Number of protein chains: 2
Amino acid sequence: MPTHHQGSADEVRALDAFIKLVRGTNSTLAELLPPLQRDFGLTESQLGVLEALHHLGPLAQGQICQKILKSGSNVTTVVDNLERDGLVRRVRDADDRRVQVVHLTEKGRELIERAFPAHAARVTALMATLSSEEQAELGRLCLKLGRAVAG
Amino acid sequence: MPTHHQGSADEVRALDAFIKLVRGTNSTLAELLPPLQRDFGLTESQLGVLEALHHLGPLAQGQICQKILKSGSNVTTVVDNLERDGLVRRVRDADDRRVQVVHLTEKGRELIERAFPAHAARVTALMATLSSEEQAELGRLCLKLGRAVAG
DNA sequence: CTGATATATTTCGACATAGAAACATAATAG
DNA sequence: CTATTATGTTTCTATGTCGAAATATATCAG
(Lines give C-alpha, C1' and ligand atoms only; values in the text may rest on other atoms or scores of the structure.)
Protein backbone atom coordinates (compact mmCIF):
# COMPACT_ATOMS: atom_id res chain seq x y z
CA MET A 1 0.00 0.00 0.00
CA PRO A 2 2.16 2.88 -1.22
CA THR A 3 1.37 6.22 0.26
CA HIS A 4 2.31 9.77 -0.51
CA HIS A 5 3.51 10.15 3.02
CA GLN A 6 7.27 10.15 3.55
CA GLY A 7 7.60 7.55 6.29
CA SER A 8 10.34 5.56 7.92
CA ALA A 9 10.73 1.87 7.16
CA ASP A 10 8.98 1.09 10.45
CA GLU A 11 6.05 3.24 9.44
CA VAL A 12 5.78 1.73 5.99
CA ARG A 13 5.79 -1.79 7.40
CA ALA A 14 3.30 -0.99 10.13
CA LEU A 15 0.89 0.79 7.78
CA ASP A 16 1.14 -2.00 5.26
CA ALA A 17 0.30 -4.66 7.84
CA PHE A 18 -2.47 -2.53 9.31
CA ILE A 19 -4.16 -1.92 5.98
CA LYS A 20 -4.01 -5.59 5.09
CA LEU A 21 -5.52 -6.43 8.47
CA VAL A 22 -8.43 -4.04 8.05
CA ARG A 23 -9.06 -4.99 4.43
CA GLY A 24 -8.79 -8.71 5.06
CA THR A 25 -11.30 -8.44 7.88
CA ASN A 26 -13.64 -6.33 5.78
CA SER A 27 -13.42 -8.76 2.89
CA THR A 28 -14.33 -11.73 5.05
CA LEU A 29 -17.23 -9.86 6.60
CA ALA A 30 -18.42 -8.75 3.17
CA GLU A 31 -18.53 -12.43 2.26
CA LEU A 32 -20.25 -13.65 5.41
CA LEU A 33 -22.83 -11.02 6.26
CA PRO A 34 -24.98 -10.97 3.11
CA PRO A 35 -25.86 -14.70 3.40
CA LEU A 36 -26.68 -14.16 7.06
CA GLN A 37 -29.06 -11.40 6.06
CA ARG A 38 -30.59 -13.22 3.11
CA ASP A 39 -31.01 -16.62 4.74
CA PHE A 40 -31.96 -15.56 8.27
CA GLY A 41 -32.63 -11.81 8.20
CA LEU A 42 -29.88 -11.23 10.75
CA THR A 43 -27.13 -8.65 11.02
CA GLU A 44 -23.77 -9.36 12.63
CA SER A 45 -24.77 -7.65 15.88
CA GLN A 46 -28.10 -9.41 16.02
CA LEU A 47 -26.35 -12.76 15.54
CA GLY A 48 -23.92 -11.85 18.32
CA VAL A 49 -26.72 -11.02 20.74
CA LEU A 50 -28.76 -14.12 19.95
CA GLU A 51 -25.70 -16.36 20.19
CA ALA A 52 -24.74 -14.88 23.57
CA LEU A 53 -28.26 -15.43 24.89
CA HIS A 54 -28.37 -18.95 23.52
CA HIS A 55 -25.00 -19.79 24.97
CA LEU A 56 -25.29 -18.06 28.33
CA GLY A 57 -29.00 -17.74 28.99
CA PRO A 58 -30.87 -14.50 29.77
CA LEU A 59 -28.56 -11.50 30.16
CA ALA A 60 -28.89 -7.92 31.31
CA GLN A 61 -28.22 -5.43 28.55
CA GLY A 62 -25.07 -4.31 30.34
CA GLN A 63 -23.77 -7.86 30.21
CA ILE A 64 -24.57 -8.02 26.51
CA CYS A 65 -22.51 -4.84 26.04
CA GLN A 66 -19.49 -6.57 27.48
CA LYS A 67 -20.00 -9.72 25.43
CA ILE A 68 -20.33 -8.03 22.07
CA LEU A 69 -18.03 -5.10 22.88
CA LYS A 70 -20.43 -2.40 21.78
CA SER A 71 -21.77 0.74 23.42
CA GLY A 72 -24.84 0.72 25.65
CA SER A 73 -26.83 2.89 23.29
CA ASN A 74 -26.06 0.49 20.50
CA VAL A 75 -27.23 -2.53 22.46
CA THR A 76 -30.49 -0.71 23.15
CA THR A 77 -31.01 -0.28 19.42
CA VAL A 78 -30.10 -3.86 18.50
CA VAL A 79 -32.33 -5.30 21.23
CA ASP A 80 -35.14 -2.97 20.12
CA ASN A 81 -34.99 -4.48 16.65
CA LEU A 82 -34.75 -8.05 17.91
CA GLU A 83 -37.71 -7.45 20.19
CA ARG A 84 -39.75 -5.91 17.38
CA ASP A 85 -39.05 -9.08 15.36
CA GLY A 86 -40.17 -11.29 18.23
CA LEU A 87 -36.77 -12.93 18.73
CA VAL A 88 -36.15 -11.69 22.27
CA ARG A 89 -38.16 -10.07 25.04
CA ARG A 90 -37.15 -7.66 27.80
CA VAL A 91 -37.99 -8.43 31.40
CA ARG A 92 -37.53 -5.74 34.02
CA ASP A 93 -35.40 -7.17 36.81
CA ALA A 94 -37.34 -7.40 40.07
CA ASP A 95 -34.34 -6.85 42.34
CA ASP A 96 -32.82 -3.95 40.43
CA ARG A 97 -35.48 -2.20 38.47
CA ARG A 98 -32.95 -0.29 36.36
CA VAL A 99 -31.98 -3.53 34.67
CA GLN A 100 -33.58 -5.01 31.56
CA VAL A 101 -32.97 -8.73 31.34
CA VAL A 102 -33.12 -9.94 27.76
CA HIS A 103 -34.55 -13.42 27.10
CA LEU A 104 -34.61 -15.46 23.91
CA THR A 105 -38.12 -16.23 22.73
CA GLU A 106 -38.97 -19.62 21.30
CA LYS A 107 -38.81 -18.05 17.85
CA GLY A 108 -35.41 -16.60 18.64
CA ARG A 109 -34.10 -19.89 19.94
CA GLU A 110 -35.33 -21.71 16.88
CA LEU A 111 -33.68 -19.14 14.62
CA ILE A 112 -30.28 -19.09 16.30
CA GLU A 113 -30.20 -22.88 16.31
CA ARG A 114 -30.50 -22.82 12.54
CA ALA A 115 -28.47 -19.70 11.82
CA PHE A 116 -25.39 -20.33 13.91
CA PRO A 117 -24.39 -23.69 12.41
CA ALA A 118 -24.88 -22.31 8.91
CA HIS A 119 -22.76 -19.28 9.74
CA ALA A 120 -20.09 -21.42 11.40
CA ALA A 121 -19.89 -23.60 8.31
CA ARG A 122 -19.36 -20.54 6.12
CA VAL A 123 -16.67 -19.21 8.42
CA THR A 124 -14.94 -22.57 8.37
CA ALA A 125 -15.05 -22.79 4.59
CA LEU A 126 -13.67 -19.30 4.27
CA MET A 127 -10.88 -19.76 6.80
CA ALA A 128 -9.88 -22.98 5.03
CA THR A 129 -7.99 -20.66 2.70
CA LEU A 130 -5.37 -20.81 5.42
CA SER A 131 -3.80 -23.99 6.78
CA SER A 132 -4.62 -24.88 10.36
CA GLU A 133 -1.16 -23.62 11.41
CA GLU A 134 -1.78 -20.34 9.61
CA GLN A 135 -5.18 -19.97 11.23
CA ALA A 136 -3.64 -20.51 14.64
CA GLU A 137 -0.88 -18.01 13.92
CA LEU A 138 -3.37 -15.43 12.65
CA GLY A 139 -5.40 -15.86 15.81
CA ARG A 140 -2.34 -15.53 17.99
CA LEU A 141 -1.18 -12.32 16.29
CA CYS A 142 -4.62 -10.73 16.39
CA LEU A 143 -5.07 -11.63 20.04
CA LYS A 144 -1.69 -10.13 20.89
CA LEU A 145 -2.55 -6.96 19.03
CA GLY A 146 -5.95 -6.70 20.65
CA ARG A 147 -4.57 -7.27 24.13
CA ALA A 148 -1.98 -4.55 23.69
CA VAL A 149 -4.87 -2.16 23.30
CA ALA A 150 -7.80 -3.35 25.35
CA GLY A 151 -6.19 -5.66 27.85
CA MET B 1 -13.92 -18.52 22.10
CA PRO B 2 -15.97 -21.43 23.36
CA THR B 3 -19.39 -21.75 21.82
CA HIS B 4 -22.49 -23.71 22.57
CA HIS B 5 -22.39 -25.07 19.08
CA GLN B 6 -21.22 -28.63 18.68
CA GLY B 7 -18.60 -28.24 15.99
CA SER B 8 -15.80 -30.27 14.51
CA ALA B 9 -12.19 -29.48 15.40
CA ASP B 10 -11.88 -27.66 12.06
CA GLU B 11 -14.86 -25.52 12.90
CA VAL B 12 -13.65 -24.69 16.37
CA ARG B 13 -10.25 -23.64 15.06
CA ALA B 14 -11.69 -21.58 12.21
CA LEU B 15 -14.21 -19.80 14.44
CA ASP B 16 -11.55 -19.10 17.04
CA ALA B 17 -9.21 -17.54 14.49
CA PHE B 18 -12.04 -15.62 12.86
CA ILE B 19 -13.28 -14.12 16.12
CA LYS B 20 -9.78 -13.08 17.11
CA LEU B 21 -9.32 -11.49 13.70
CA VAL B 22 -12.51 -9.46 13.96
CA ARG B 23 -11.94 -8.47 17.58
CA GLY B 24 -8.29 -7.58 17.05
CA THR B 25 -9.23 -5.36 14.14
CA ASN B 26 -12.04 -3.73 16.10
CA SER B 27 -9.76 -3.11 19.05
CA THR B 28 -7.14 -1.38 16.95
CA LEU B 29 -9.76 0.75 15.24
CA ALA B 30 -11.32 1.62 18.59
CA GLU B 31 -7.89 2.89 19.60
CA LEU B 32 -7.15 4.84 16.43
CA LEU B 33 -10.42 6.45 15.40
CA PRO B 34 -11.26 8.53 18.48
CA PRO B 35 -7.99 10.52 18.27
CA LEU B 36 -8.61 11.07 14.57
CA GLN B 37 -12.01 12.47 15.40
CA ARG B 38 -10.89 14.57 18.35
CA ASP B 39 -7.72 16.00 16.83
CA PHE B 40 -8.87 16.49 13.26
CA GLY B 41 -12.63 15.97 13.18
CA LEU B 42 -12.24 13.11 10.70
CA THR B 43 -13.83 9.68 10.45
CA GLU B 44 -12.04 6.67 8.96
CA SER B 45 -13.85 7.02 5.63
CA GLN B 46 -13.22 10.74 5.45
CA LEU B 47 -9.51 10.13 6.07
CA GLY B 48 -9.50 7.51 3.33
CA VAL B 49 -11.09 9.83 0.80
CA LEU B 50 -8.82 12.77 1.62
CA GLU B 51 -5.74 10.56 1.52
CA ALA B 52 -6.72 9.13 -1.85
CA LEU B 53 -7.25 12.61 -3.28
CA HIS B 54 -3.98 13.84 -1.80
CA HIS B 55 -2.08 10.89 -3.14
CA LEU B 56 -3.70 10.56 -6.56
CA GLY B 57 -5.16 13.99 -7.33
CA PRO B 58 -8.79 14.71 -8.24
CA LEU B 59 -10.90 11.57 -8.66
CA ALA B 60 -14.35 10.74 -9.93
CA GLN B 61 -16.61 9.36 -7.22
CA GLY B 62 -16.63 6.00 -8.94
CA GLN B 63 -12.85 5.88 -8.69
CA ILE B 64 -13.08 6.74 -5.00
CA CYS B 65 -15.47 3.80 -4.56
CA GLN B 66 -12.82 1.44 -5.87
CA LYS B 67 -10.08 2.97 -3.75
CA ILE B 68 -11.88 2.81 -0.44
CA LEU B 69 -13.92 -0.32 -1.27
CA LYS B 70 -17.27 1.12 -0.32
CA SER B 71 -20.59 1.38 -2.12
CA GLY B 72 -21.47 4.27 -4.40
CA SER B 73 -24.24 5.53 -2.17
CA ASN B 74 -21.83 5.57 0.72
CA VAL B 75 -19.26 7.61 -1.18
CA THR B 76 -21.99 10.12 -1.98
CA THR B 77 -22.70 10.52 1.73
CA VAL B 78 -19.04 10.82 2.75
CA VAL B 79 -18.28 13.33 0.00
CA ASP B 80 -21.42 15.30 0.99
CA ASN B 81 -20.06 15.69 4.50
CA LEU B 82 -16.55 16.57 3.35
CA GLU B 83 -17.96 19.15 0.96
CA ARG B 84 -20.16 20.65 3.67
CA ASP B 85 -17.01 21.02 5.80
CA GLY B 86 -15.15 22.73 2.96
CA LEU B 87 -12.51 20.00 2.59
CA VAL B 88 -13.37 18.96 -0.97
CA ARG B 89 -15.43 20.32 -3.83
CA ARG B 90 -17.31 18.57 -6.62
CA VAL B 91 -16.72 19.54 -10.22
CA ARG B 92 -19.06 18.22 -12.90
CA ASP B 93 -16.95 16.61 -15.61
CA ALA B 94 -17.24 18.49 -18.89
CA ASP B 95 -16.74 15.44 -21.11
CA ASP B 96 -19.08 13.12 -19.23
CA ARG B 97 -21.65 15.11 -17.36
CA ARG B 98 -22.74 12.12 -15.28
CA VAL B 99 -19.41 12.22 -13.48
CA GLN B 100 -18.60 14.26 -10.39
CA VAL B 101 -14.88 14.86 -10.03
CA VAL B 102 -13.89 15.45 -6.42
CA HIS B 103 -11.07 17.90 -5.69
CA LEU B 104 -9.26 18.66 -2.45
CA THR B 105 -9.65 22.26 -1.35
CA GLU B 106 -6.74 24.14 0.14
CA LYS B 107 -8.32 23.57 3.56
CA GLY B 108 -8.58 19.87 2.82
CA ARG B 109 -4.99 19.64 1.65
CA GLU B 110 -3.76 21.45 4.72
CA LEU B 111 -5.77 19.10 6.97
CA ILE B 112 -4.70 15.83 5.38
CA GLU B 113 -1.06 16.93 5.47
CA ARG B 114 -1.36 17.29 9.23
CA ALA B 115 -3.71 14.39 9.93
CA PHE B 116 -2.09 11.62 7.95
CA PRO B 117 1.36 11.74 9.57
CA ALA B 118 -0.23 11.85 13.02
CA HIS B 119 -2.41 8.89 12.18
CA ALA B 120 0.50 6.97 10.66
CA ALA B 121 2.53 7.53 13.81
CA ARG B 122 -0.30 6.13 15.93
CA VAL B 123 -0.66 3.10 13.70
CA THR B 124 3.08 2.51 13.89
CA ALA B 125 3.12 2.78 17.67
CA LEU B 126 0.21 0.36 17.95
CA MET B 127 1.62 -2.18 15.52
CA ALA B 128 4.92 -2.09 17.41
CA THR B 129 3.20 -4.54 19.75
CA LEU B 130 4.25 -7.06 17.13
CA SER B 131 7.82 -7.58 15.91
CA SER B 132 8.52 -6.63 12.33
CA GLU B 133 8.45 -10.31 11.37
CA GLU B 134 5.09 -10.72 13.06
CA GLN B 135 3.74 -7.65 11.31
CA ALA B 136 4.87 -9.04 7.97
CA GLU B 137 3.29 -12.41 8.73
CA LEU B 138 0.03 -10.83 9.85
CA GLY B 139 -0.05 -8.83 6.63
CA ARG B 140 0.65 -11.92 4.55
CA LEU B 141 -2.09 -13.97 6.20
CA CYS B 142 -4.68 -11.20 5.93
CA LEU B 143 -3.82 -10.60 2.30
CA LYS B 144 -4.17 -14.30 1.53
CA LEU B 145 -7.51 -14.42 3.28
CA GLY B 146 -8.76 -11.30 1.52
CA ARG B 147 -7.66 -12.53 -1.88
CA ALA B 148 -9.46 -15.84 -1.41
CA VAL B 149 -12.66 -13.85 -1.20
CA ALA B 150 -12.37 -10.75 -3.35
CA GLY B 151 -9.66 -11.81 -5.75
C1' DC C 1 -32.26 10.57 -35.21
C1' DT C 2 -34.81 7.65 -31.94
C1' DG C 3 -35.43 4.04 -28.73
C1' DA C 4 -33.12 0.70 -25.86
C1' DT C 5 -29.44 -0.10 -22.91
C1' DA C 6 -25.57 1.09 -19.94
C1' DT C 7 -23.27 3.91 -16.51
C1' DA C 8 -22.55 7.57 -12.68
C1' DT C 9 -24.65 9.51 -9.07
C1' DT C 10 -28.34 10.52 -5.83
C1' DT C 11 -32.20 9.42 -2.97
C1' DC C 12 -34.59 6.57 0.24
C1' DG C 13 -35.16 3.31 3.89
C1' DA C 14 -33.10 0.40 7.23
C1' DC C 15 -29.60 -0.81 10.41
C1' DA C 16 -25.10 -0.13 13.09
C1' DT C 17 -22.47 2.74 15.80
C1' DA C 18 -20.76 6.20 19.21
C1' DG C 19 -21.10 9.92 22.64
C1' DA C 20 -23.68 13.14 25.36
C1' DA C 21 -27.52 14.15 27.89
C1' DA C 22 -31.69 12.69 30.10
C1' DC C 23 -34.02 9.52 33.05
C1' DA C 24 -35.03 5.97 36.46
C1' DT C 25 -33.48 3.58 40.16
C1' DA C 26 -29.92 2.22 43.67
C1' DA C 27 -26.69 2.89 47.01
C1' DT C 28 -24.31 5.64 50.12
C1' DA C 29 -23.05 9.53 53.24
C1' DG C 30 -24.36 12.24 56.84
C1' DC D 1 -34.43 9.99 56.23
C1' DT D 2 -32.61 13.00 52.75
C1' DA D 3 -29.12 14.66 49.57
C1' DT D 4 -25.59 13.14 46.74
C1' DT D 5 -23.51 10.05 43.88
C1' DA D 6 -23.39 5.97 41.01
C1' DT D 7 -25.37 2.85 37.66
C1' DG D 8 -28.40 0.86 33.81
C1' DT D 9 -30.95 2.21 30.08
C1' DT D 10 -32.90 5.29 26.77
C1' DT D 11 -33.06 9.25 23.81
C1' DC D 12 -31.00 12.35 20.64
C1' DT D 13 -27.89 13.65 17.07
C1' DA D 14 -24.49 12.58 13.83
C1' DT D 15 -22.09 9.55 11.01
C1' DG D 16 -21.32 5.28 8.23
C1' DT D 17 -23.07 1.56 5.57
C1' DC D 18 -25.75 -1.11 2.14
C1' DG D 19 -29.22 -2.20 -1.48
C1' DA D 20 -32.90 -0.81 -4.32
C1' DA D 21 -35.07 2.57 -6.90
C1' DA D 22 -34.84 6.97 -9.18
C1' DT D 23 -32.41 10.33 -12.10
C1' DA D 24 -29.25 12.15 -15.48
C1' DT D 25 -26.41 11.42 -19.06
C1' DA D 26 -24.03 8.44 -22.61
C1' DT D 27 -23.78 5.09 -25.93
C1' DC D 28 -25.36 2.07 -29.30
C1' DA D 29 -28.52 -0.38 -32.55
C1' DG D 30 -31.16 0.28 -36.37
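The chains referred to below are lettered A, B, ... by the order of the sequence lines, with proteins before strands, and numbering in each begins at 1. Predicted, not measured: the structure shown is a model, and the values here were computed from it.
- Take A:K107 and apply the salt bridge (charged side-chain N to carboxylate O under 4.0 Å, His left out) test, not counting sequence neighbours, and it matches no residue.
- Running 5' to 3' along DNA chain C, contacts with non-hydrogen atoms of chain B at under 4.0 Å begin and end at C:dA6 to C:dT11.
- Under the salt bridge (charged side-chain N to carboxylate O under 4.0 Å, His left out) criterion, B:R13 pairs with B:D10, sequence neighbours left out.
- The side-chain hydrogen bond (donor to acceptor under 3.5 Å, both in side chains) search around B:R38 returns none, not counting sequence neighbours.
- A:R140 is linked by a side-chain hydrogen bond (donor to acceptor under 3.5 Å, both in side chains) to A:E137, B:E134, counting only residues two or more places apart in sequence or in another chain.
- Once rounded to the nearest 0.5 Å, the distance linking CZ of B:F116 with CD of B:E51 reads 4.5 Å.
- Other residues sharing a hydrophobic cluster with B:V99 under the 4.5 Å side-chain heavy-atom criterion for ILVMFWY residues are B:V101.
- At least one side-chain heavy atom of A:Q37 sits under 4.5 Å from a side-chain heavy atom of A:T43.
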Check residues 61-70 of chain A and write down every donor-acceptor pair under 3.5 Å in which the side-chain atom is one partner and the other belongs to a residue at least two apart or another chain.
unit_1: A:Q61; atom_1: OE1; unit_2: A:R90; atom_2: NE; d: 2.9
unit_1: A:Q61; atom_1: OE1; unit_2: A:R90; atom_2: NH2; d: 3.1
unit_1: A:Q63; atom_1: OE1; unit_2: A:A60; atom_2: N; d: 2.8

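- Contacts with DNA chain D (heavy atom under 4.0 Å) in residues 93-106 of chain A: A:R98, A:V99, A:Q100, listed by number.
- Qualifying side-chain hydrogen bond (donor to acceptor under 3.5 Å, both in side chains) partners for A:T25, counting only residues two or more places apart in sequence or in other chains: B:T25.
- Cluster partners of B:L143: none. The rule joins Ile, Leu, Val, Met, Phe, Trp and Tyr whenever side-chain heavy atoms lie under 4.5 Å apart, and it links nothing here.
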Problem - Contact letters for nucleotides 11-20 of chain D, in which S counts primed atoms plus P, OP1 and OP2 and B counts the base, heavy atoms under 4.0 Å - result: B---SSBBBB
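- Rounded to 10 degrees, the angle separating the terminal helix axes of the helix from C:dC1-D:dG30 to C:dG30-D:dC1, each built from five base pairs, is 0°.
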Practice task
Start with the C-alpha gap between B:L87 and B:Q46, add the side-chain angles, then the distance that decides, and say whether side chain to side chain contact (heavy atoms under 4.5 Å, CB included) holds.
Solution key: CA-CA 10 Å; B:L87 301 173; B:Q46 289 174 346; 5.9 Å; no
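- Residue B:R114 places its CZ atom among more than 12 non-hydrogen atoms of other residues, nucleotides or ligands, all under 6.0 Å distant.
- At a threshold of 4.0 angstrom between heavy atoms, the contacts of A:R90 are confined to the sugar-phosphate backbone, with no base atom among them.
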